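What you are looking at is a predicted structure, and each value in this text was computed from that prediction instead of being measured. Numbering of residues begins at 1 and proceeds along the displayed sequence.
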Amino acid sequence: MRWTIKPKPEASQIKTLAQALNVEEYIASLLLQRGIETYEDARQFFRPSLDDLHDPYLMKDMDLAVSRIEKAIANNENIMVFGDYDVDGTTAVSLVASYLKSYYTNVATYIPDRYDEGYGVSFKGIDYADDNGISLIIALDCGIKSIDHVAYAKERNIDFIICDHHRPGEFLPEAVSVLDPKREDCTYPYDELCGCGIGFKLIQALGKNKGESIEDLVPYLDLVATAIAADIVPMTGENRILAKFGLEVINSNPRPGIKALIHQVKKKVLDITDVVFIIAPRINAAGRIKHGNHAVELLSEFDFDQAVQFASEIEKYNVDRKELDKQITIEALNQIQDNAEDKRFSTVVYHESWHKGVIGIVASRLIETYYRPTLVFTKSGDKLAASARSVKGFDVYNALEACSEHLEQFGGHMYAAGLTLKEENYHNFKNAFEETVKNTIHEDSLMPEIQVDAEIELSDITPRFIRILKQFEPFGPLNMTPVFLTKNLIDTGFGKKIGQAEEHIRLFVKQNNSEGIAAIGFGIGNKLDLTTNRQHFQAVYCIDENEWNGNVSLQLRLKDIKEHY
């Protein structure tokens with residue numbers, strides 16, 4: 001594991017910002033690393049406001065989307081809200097459908113079956129719309145590459161509005177409106193929204209036309225915050241505003257479906273990490289194990305008792321999902337070892353019986369062992385389907401594009417993608433992907449890295465410092481939880497291994513004459529020897545609040561330790 005200390009901003013910049021904000025220089029340095037350079041930047045960062053959200057009509061085609069929806073309502077047309085089966089898609093469908101249903105009844109929802117229809121807009125979904133007299137489909141979190149599907153719908157007099165955040169291909173579908181800030185011809189000021197975020201901008205525009213204020217739409221932000229957290233989009237700009245206010249809704253007055261999920265885990269106050277690890281996997285489990293419709297039903301339900309029933313069913317799916325991903329991960333690791341593939345630059349594994357719903361999770365698990373771009377394939381109908389996950393600094397989407405001659409279709413982001421291919425093309429693709437990764441990946445990207453924000457002393461961890469640090473939340477990509485380095489530490493003799501397999505450690509650390517502070521390190525139990533006999537060591541860590549039996553105390557969450565030198 002390599003430690004990389006982020007470049008320190010210029011001393012004059014640090015001093016100027018520290019004086020302007022009346023904060024310590026190491027806090028000013030943390031802010032500058034996040035692109036916050038002025039008093040006004042800091043005001044927006046520390047005091048996010050719904051007033052700072054952009055006008056939705058700045059997004060290209062928004063006026064066309066709104067006028068087509070208003071026309072559909074005026075003409076009493078049937079509208080179908082279509083979305084992907086993951087968290088971003090199901091929250092987006094729940095958001096737009098429940099908003100429209102608040103003043104219009106002819107609204108249906110549709111989530112494609114992961115196994116029967118696959119990712120994105122499906123011909124089966126369009127046929128369903130045709131059979132049910134639906135003349136307008138609003139596609140969320142998908143559709144940007146659905147040129148053939150939109151053309152197919154057009155032949156059946158069905159219009160499309162596409163709300164997507166994935167990268168467009170060379171051509172756009174011929175939809176009535178294509179809302180995607182990543183379009184080259186779209187000048188919307190922020191292009192990192194998730195699919196549910198685009199859906200929110202759509203209802204914001206619809207609401208604006210109806211004379212609604214942004215405050216009227218706050219109850220929908222629990223869905224948006226959940227999608228932002230789950231989809232790992234940058235926690236900057238509009239995403240950070242929407243996530244912050246969405247978390248407030250989750251913790252104060254969430255919709256019954258989300259309340260029922262929280263009710264299952266008995267946690268009082270959730271932060272963004274809890275949303276990622278508690279709410280999101282459960283919503284995802286419906287589409288992975290059974291059908292994404294179950295998630296939409298849960299998130300759209302307004303009777304709490306019924307929502308609790310839905311949530312308990314989804315909890316069962318989540319338990320099944322955990323068992324499956326554990327079992328398949330073991331099988332995949334064995335396959336890598338049996339085929340002596342641990343010397344490659346990429347990991348590509350396949351078994352026809354692996355459950356399609358968990359192969360993305362398995363790909364992430366494999367990266368924990370073999371740190372390199374990873375694809376996990378399974379059989380899907382007469383094709384093979386895969387989930388791709390990447391390592392820091394390597395664009396897996398670009399790598400797939402370079403091998404696209406072997407693929408049927410693909411889509412996604414820099415760090416996560418999905419693809420399908422014909423079975424006979426599997427080995428040629430696997431070789432081409434390995435060659436592409438080998439020729440383009442930087443050697444540093446093959447070694448896990450801990451990025452350190454700053455070196456500090458334990459004495460710097462004051463109550464005021466913690467108060468300011470808490471205002472950096474919510475954390476996420478481009479605004480990650482700060483990681484600190486402290487040298488010359490000793491354990492005061494309480495160090496021990498914990499966990500069933502003794503894979504974790506618990507310490508009580510001091511530096512010079514500082515007060516001691518508790519520290520816990522997950523997955524680094526093998527490094528306890530570096531801390532015994534009062535030998536000095538250095539550590540990289542985040543600062544956590546630990547709640548136990550109603551008492552809150554500070555602790556260091558150790559990411560790694562090394563001997564002192």
Trainee: Provide the closest heavy-atom pair for Ser122 versus Pro112 in the form atom of the first, atom of the second, distance.
Mentor: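 For Ser122 versus Pro112, the nearest heavy atoms are OG-CB, 4.5 Å.
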Trainee: For Ala227, is there any backbone N or O sitting under 3.5 Å from a side-chain donor or acceptor partner on Asp88?
Mentor: no
Trainee: Is the side chain of His504 donor-acceptor paired with the backbone N or O of Gly523 at a distance under 3.5 Å, no angle test?
Mentor: yes
Trainee: Give the minimum heavy-atom separation between Ala18 and Ala28, together with the two atoms involved.
Mentor: N-CB, 3.7 Å
Trainee: Salt bridge check: are Lys201 and Glu238 linked by an N-O gap of less than 4.0 Å?
Mentor: yes
Trainee: With a 3.5 Å distance limit and no angle check, can you tell me whether Asp453 reaches the backbone of Val483 through a side-chain donor-acceptor pair?
Mentor: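 Here the side-chain-to-backbone pair exists.
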Trainee: Count the heavy atoms of every other residue, nucleotide or ligand shown that sit under 6.0 Å from CZ of Arg506, and state whether that count exceeds 12.
Mentor: no
Trainee: Do the side chain of Arg183 and the main chain of Leu179 share a donor and acceptor less than 3.5 angstrom apart?
Mentor: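 The answer is no, because no donor-acceptor pair under 3.5 Å joins these two groups.
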Trainee: State whether the side chain of Asn22 and the backbone N or O of Gln19 hold a donor-acceptor pair below 3.5 Å, judged by distance alone.
Mentor: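 Between the backbone of Gln19 and the side chain of Asn22 there is no qualifying donor-acceptor contact (under 3.5 Å).
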Trainee: Going by an N to O cut-off under 4.0 Å, is there a salt bridge joining Lys244 and Glu248?
Mentor: yes
Trainee: Atom OH of residue position Tyr104 - does it have more than 12 heavy atoms of other residues, nucleotides or ligands inside 6.0 Å?
Mentor: yes
Trainee: Any chance you could lay out the side chain to side chain contact (heavy atoms under 4.5 Å, CB included) test for Tyr188 and Lys60, step after step, and finish with the verdict?
Mentor: CA-CA 7 Å; Tyr188 188 73; Lys60 186 162 180 63; over 6 Å; no
Trainee: Can Asp55 and Lys208 be said to form a salt bridge (charged side-chain N to carboxylate O under 4.0 Å, His left out), step by step?
Mentor: CA-CA 9 Å; Asp55 182 342; Lys208 193 173 180 182; 3.0 Å; yes
Trainee: Test of understanding: with salt bridge (charged side-chain N to carboxylate O under 4.0 Å, His left out), list the residues that count as partners of Asp560, not counting sequence neighbours.
Mentor: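 Per chain and number, Asp560 pairs via salt bridge (charged side-chain N to carboxylate O under 4.0 Å, His left out) with Lys527.
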Trainee: Students often mix this up, so state it plainly: with edges at 30° and 60°, are the rings of Phe475 and Phe472 parallel, tilted or perpendicular?
Mentor: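 The rings of Phe475 and Phe472 sit tilted, inter-plane angle from 30° to 60°.
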Trainee: Within the distance-only criterion (no hydrogens, no angle test), does the side chain of Asn318 pair as donor or acceptor with the backbone N or O of Ala285 below 3.5 angstrom?
Mentor: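 No; judged by distance alone, with no hydrogens or angles, the pair does not exist.
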Trainee: Are side-chain N/O atoms of Thr38 and Asp41 paired as donor and acceptor at under 3.5 Å?
Mentor: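 Distance-only check passes for Thr38 and Asp41.
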Trainee: So that I know where these two stand, are His294 and Tyr317 an aromatic pair - ring centroids less than 6.0 Å apart?
Mentor: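 Yes, ring centres under 6.0 Å apart.
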Trainee: Asn239 side chain to Pro234 main-chain N or O, any donor-acceptor pair under 3.5 Å?
Mentor: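 Yes.
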Trainee: Take atom NZ of Lys259 as the centre, draw a 6.0 Å sphere, and report whether it contains more than 12 heavy atoms from other residues, nucleotides or ligands.
Mentor: no
Trainee: I'd like to know whether the aromatic ring centres of Tyr190 and His54 sit less than 6.0 Å apart in this structure.
Mentor: no
Trainee: Does the side chain of Glu117 pick up a donor-acceptor pair with the side chain of Tyr110 at under 3.5 Å?
Mentor: yes
Trainee: Considering only NZ, NE, NH1 and NH2 on the basic side and carboxylate oxygens on the acidic side, decide whether Arg321 and Asp325 come within less than 4.0 Å.
Mentor: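 Yes, this pair counts.
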Trainee: Considering only NZ, NE, NH1 and NH2 on the basic side and carboxylate oxygens on the acidic side, decide whether Arg43 and Glu40 come within less than 4.0 Å.
Mentor: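 Salt bridge present between Arg43 and Glu40.
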Trainee: Could you tell me if the ring centre of Tyr220 sits under 6.0 Å from that of Phe200?
Mentor: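 Judged by ring-centre distance (under 6.0 Å), Tyr220 and Phe200 do not meet the cut-off.
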Trainee: Checking the side chain of Ser300 only, and the main-chain atoms of Glu297 only, is there a donor and an acceptor separated by less than 3.5 Å?
Mentor: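 Between the backbone of Glu297 and the side chain of Ser300 there is no qualifying donor-acceptor contact (under 3.5 Å).
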Trainee: Rounded to the nearest 0.5 Å, what separates atom CG in Leu298 from atom CD1 in Ile283?
Mentor: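 Taking CG in Leu298 and CD1 in Ile283, the distance rounds to 7.0 Å.
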Trainee: Would Tyr85 and His291 count as a side chain to side chain contact (heavy atoms under 4.5 Å, CB included) if you check the C-alpha gap in whole Å, the side-chain angles of each, and the deciding distance to 0.1 Å?
Mentor: CA-CA 8 Å; Tyr85 38 67; His291 199 291; over 6 Å; no
Trainee: Looking only at the side chains, is there a donor atom on one of Asn209 and Tyr57 sitting less than 3.5 Å from an acceptor on the other?
Mentor: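 There is such a pair between these side chains.
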Trainee: Go through the steps to decide whether Val275 and Ile250 satisfy the test side chain to side chain contact (heavy atoms under 4.5 Å, CB included), and finish with yes or no.
Mentor: CA-CA 9 Å; Val275 176; Ile250 287 170; 4.1 Å; yes
Trainee: Considering only NZ, NE, NH1 and NH2 on the basic side and carboxylate oxygens on the acidic side, decide whether Glu545 and Lys470 come within less than 4.0 Å.
Mentor: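 So Glu545 pairs with Lys470 through a salt bridge.
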Trainee: With the threshold set at 4.0 Å, does a side-chain nitrogen-carboxylate oxygen contact exist between Asp61 and Arg68?
Mentor: no
Trainee: With a 6.0 Å cut-off (strictly less than), is the heavy-atom count around CD of Glu215, excluding the residue itself, greater than 12?
Mentor: yes
Trainee: Output yes when Asp180 and Arg167 qualify as a salt bridge under the 4.0 Å nitrogen-oxygen rule, no when they do not.
Mentor: no
Trainee: Using 0.5 Å steps for rounding, measure from the CZ atom of Phe522 to the CZ atom of Arg557.
Mentor: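 Spacing of CZ (Phe522) from CZ (Arg557) equals 8.0 Å.
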Trainee: Going by an N to O cut-off under 4.0 Å, is there a salt bridge joining Glu24 and Arg464?
Mentor: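 Yes, charged N to carboxylate O under 4.0 Å.
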Trainee: If you count heavy atoms of other groups shown closer than 6.0 angstrom to NZ of Lys6, is the number above 12?
Mentor: yes
Trainee: Donor-acceptor pair, distance only, cut-off 3.5 Å: does the side chain of Asp216 make one with the backbone of Ser213?
Mentor: yes
Trainee: Under 3.5 Å, is there a donor on one side chain and an acceptor on the other for Glu457 and Tyr26?
Mentor: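 Short answer, no.
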Trainee: Taking C-beta and beyond as the side chain, do Ile498 and Ile505 meet within less than 4.5 Å on heavy atoms?
Mentor: no
Trainee: Would you find a donor on one side and an acceptor on the other, under 3.5 Å apart, between the side chain of Arg240 and the backbone of Glu473?
Mentor: yes
Trainee: List the residues meeting side chain to side chain contact (heavy atoms under 4.5 Å, CB included) with Phe484, not counting sequence neighbours, and say none if there are none.
Mentor: Leu30, Ala454, Ile456, Phe465, Leu469, Pro482, Tyr541, Ile543
Trainee: I'd like to check the salt bridge (charged side-chain N to carboxylate O under 4.0 Å, His left out) partners of Glu455; sequence neighbours left out, ordered by chain and number.
Mentor: Lys487
